[in-house]
Amino acid sequence: MPRNDNRYSGLMIAIHWTTAVLVLVAYLVSESSEHFGQHPPVLHFACGLAVLALVAVRLLARASGGAPRPLEGGPSWLAMLAKLGHLTLYLLLIAVPLTGWYALSRLGRPIDLWGVSIPPIAAAVKGDIGEIGDVHQVGGNLLLILAGLHAAMGLWHQFVRRDHVLERMRPF
Ligand code: HEM
Ligand code: HEM
């Protein structure tokens, strides 16, 4: 795919905004396993697993030229910070759903998404599942905090620096 210097590809933009909505919904409907009872939050699992599937497509799209060249003209520390922030966001977009899937598998809960059954990725244990649930919860909170800072940076670019970074990711 040829590289566009000014904008992300349509696929990258669609996945970016879909992921943002899915992460927010997954977060809003999340629950501690102590409260699962007979009705675990299926929407939480479905949104989280969709995030994981989309990040794989997104990284492939990125590797085949879906991202524009980094912005030029700004201070180098800002470019480094943006790169580090995006890398951390990608890592969390992979690690958070994976640790959730792992925790759910350890809990021995079948994942049935409205008739579609998702296989476990770890053996079920009786009793305590260890730290993995906490790791997942902390990761989910970090993801939300970092995405919030990232969104604030996007708005700062748009309204303070007025360098049109937001337009690189604008849907239309
Ligand atoms: C971007 C995706 C996700 C985010 C932001 C996220 C966030 C969270 C948060 C914040 C909690 C703690 C809720 C509380 O204690 O009040 C939680 C719990 C949980 N999530 Fe996720 N999650 C995501 C994806 C997933 C996926 C894909 C699965 C499984 C397929 C999953 C399974 C679980 C489980 C089992 C718990 C309970 C952990 C425990 O209490 O030990 N999550 N999630
Ligand atoms: C959960 C929410 C979000 C996540 C996980 C997320 C994640 C990401 C990631 C990983 C990138 C890097 C893309 C790449 O180069 O491969 C990116 C770029 C971008 N995001 Fe977000 N994002 C979120 C929400 C938002 C919001 C709410 C805004 C707007 C205020 C926003 C504005 C942007 C912009 C403008 C870029 C392009 C930056 C550039 O051209 O260098 N994002 N986002």
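Read the numbers this way: they start at 1 and go in the same order the structure lists the ligands and their atoms. Worth saying up front: this structure is predicted, and the values here are computed from it rather than measured.
At the top of the distance list for atom 13 (C) of ligand 2, counting protein heavy atoms only, stands Tyr90 OH, 3.5 Å. For atom 14 (C) of ligand 1, the closest non-hydrogen atom of the protein is Ser32 N, 3.5 Å. At the shortest separation from atom 30 (C) of ligand 1 among protein heavy atoms lies Trp101 CA, 3.7 Å. Closest protein heavy atom to atom 40 (O) of ligand 2: Arg168 NE, 2.5 Å. Of all protein heavy atoms, the one closest to atom 37 (C) of ligand 2 is Tyr8 CE1, 3.5 Å. Looking from atom 27 (C) of ligand 2 to the surrounding protein, the closest heavy atom is Ala151 CB, 3.5 Å. Protein heavy atom closest to atom 39 (C) of ligand 1, with residue, atom name and distance, is Ser33 OG, 3.3 Å. Counting only heavy atoms of the protein, atom 1 (C) of ligand 2 lies nearest to Ala147 CB, 3.5 Å.
Ligand 2 has at least one atom lying under 4.0 Å from a heavy atom of Ala20. Using a non-hydrogen distance threshold of 4.0 Å, His157 does not register as a contact of ligand 2.
In terms of polar-atom proximity, defined here as any N/O pair under 3.5 Å, Thr19 makes no such contact with ligand 2.
Both Leu11 and Trp17 are part of a single hydrophobic cluster, where members link through side-chain heavy atoms under 4.5 Å apart. Trp114 is connected to Val116 through a chain of hydrophobic side-chain contacts under 4.5 Å among Ile, Leu, Val, Met, Phe, Trp and Tyr, so both are in one cluster.
Residue Ile94 comes nearest to Leu52 through the heavy atom pair O-CD1, 3.8 Å, listed as atom of the first residue, atom of the second, then distance. Nearest heavy-atom pair, Ile13 versus Arg170, reported as atom, atom and distance to 0.1 Å: CD1-O, 3.6 Å. Heavy atoms only, all atoms of each residue included: Phe36 and Glu31 are closest at CE1-O, 3.4 Å. Shown here for Ile121 and Ser105, the closest heavy-atom pair between the two residues is N-OG, 3.0 Å. The shortest non-hydrogen separation linking Gly37 to Arg109 is O-NH2, 2.7 Å.
Between atom 11 (C) of ligand 2 and the options Arg58, Lys83, Met169, the minimum heavy-atom separation is to Arg58. For atom 42 (N) of ligand 2, the candidate residues are Glu167, Arg7, His150, Met12; the nearest heavy-atom contact is made by His150. Of the candidates Leu93, Val55, Leu166, it is Leu93 that places a heavy atom closest to atom 5 (C) of ligand 2.
The Val165 neighbourhood of ligand 2 comprises atoms 35 (C), 38 (C), 39 (C), 40 (O), with distances under 4.0 Å to a heavy atom of that residue. The contact set between ligand 1 and Gly133, taken as ligand atoms under 4.0 Å from a residue heavy atom, comprises 41 (O). Each of the atoms 26 (C), 27 (C), 28 (C), 29 (C), 31 (C) of ligand 2 lies under 4.0 Å from some heavy atom of Trp17. For ligand 1, the atoms sitting less than 4.0 Å from at least one non-hydrogen atom of Phe36 are 34 (C), 35 (C), 36 (C), 37 (C), numbered in the order shown with element in parentheses. Shown in contact with Arg62 at under 4.0 Å from a heavy atom are these atoms of ligand 2, numbered in order with element: 14 (C), 15 (O), 16 (O). Below 4.0 Å from some heavy atom of Tyr27 lie the following atoms of ligand 1, by number and element: 10 (C).
Ordered by chain and number, His44 NE2, His136 NE2 make up the set of protein N, O or S atoms under 2.8 Å of atom 21 (Fe) of ligand 1.
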Test log, rule side-chain contact (heavy atoms from CB on, under 4.5 Å), inputs Val96 and His136: CA-CA 6 Å; Val96 172; His136 174 68; 3.7 Å; yes
Does Val23 form a side-chain contact (heavy atoms from CB on, under 4.5 Å) with Leu93? I'd like the steps, not just the answer. CA-CA 9 Å; Val23 166; Leu93 288 173; 3.9 Å; yes
Applying side-chain contact (heavy atoms from CB on, under 4.5 Å) to Asp112 and Val42, what does each step give before you reach the verdict? CA-CA 8 Å; Asp112 181 5; Val42 178; over 6 Å; no
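For the pair Ser32 (side chain) and His35 (backbone), a donor-acceptor distance under 3.5 Å is absent. With Trp101 contributing its side chain and Ala122 its backbone, the two residues share no donor-acceptor pair below 3.5 Å. One N or O on the side chain of Arg7 and one on the backbone of Glu167 form a donor-acceptor pair closer than 3.5 Å.
Taking CG of Leu144 as the start and CG of Leu28 as the end, the distance is 7.5 Å to the nearest 0.5 Å. Once rounded to the nearest 0.5 Å, the distance linking CG of Leu92 with CG of Asn141 reads 11.0 Å.
Ring orientation note: the planes of His16 and His150 are tilted relative to one another, at an angle of 30° to 60°.
Not one N/O/S atom of His86, from backbone or side chain, sits under 2.8 Å from atom 21 (Fe) of ligand 2.
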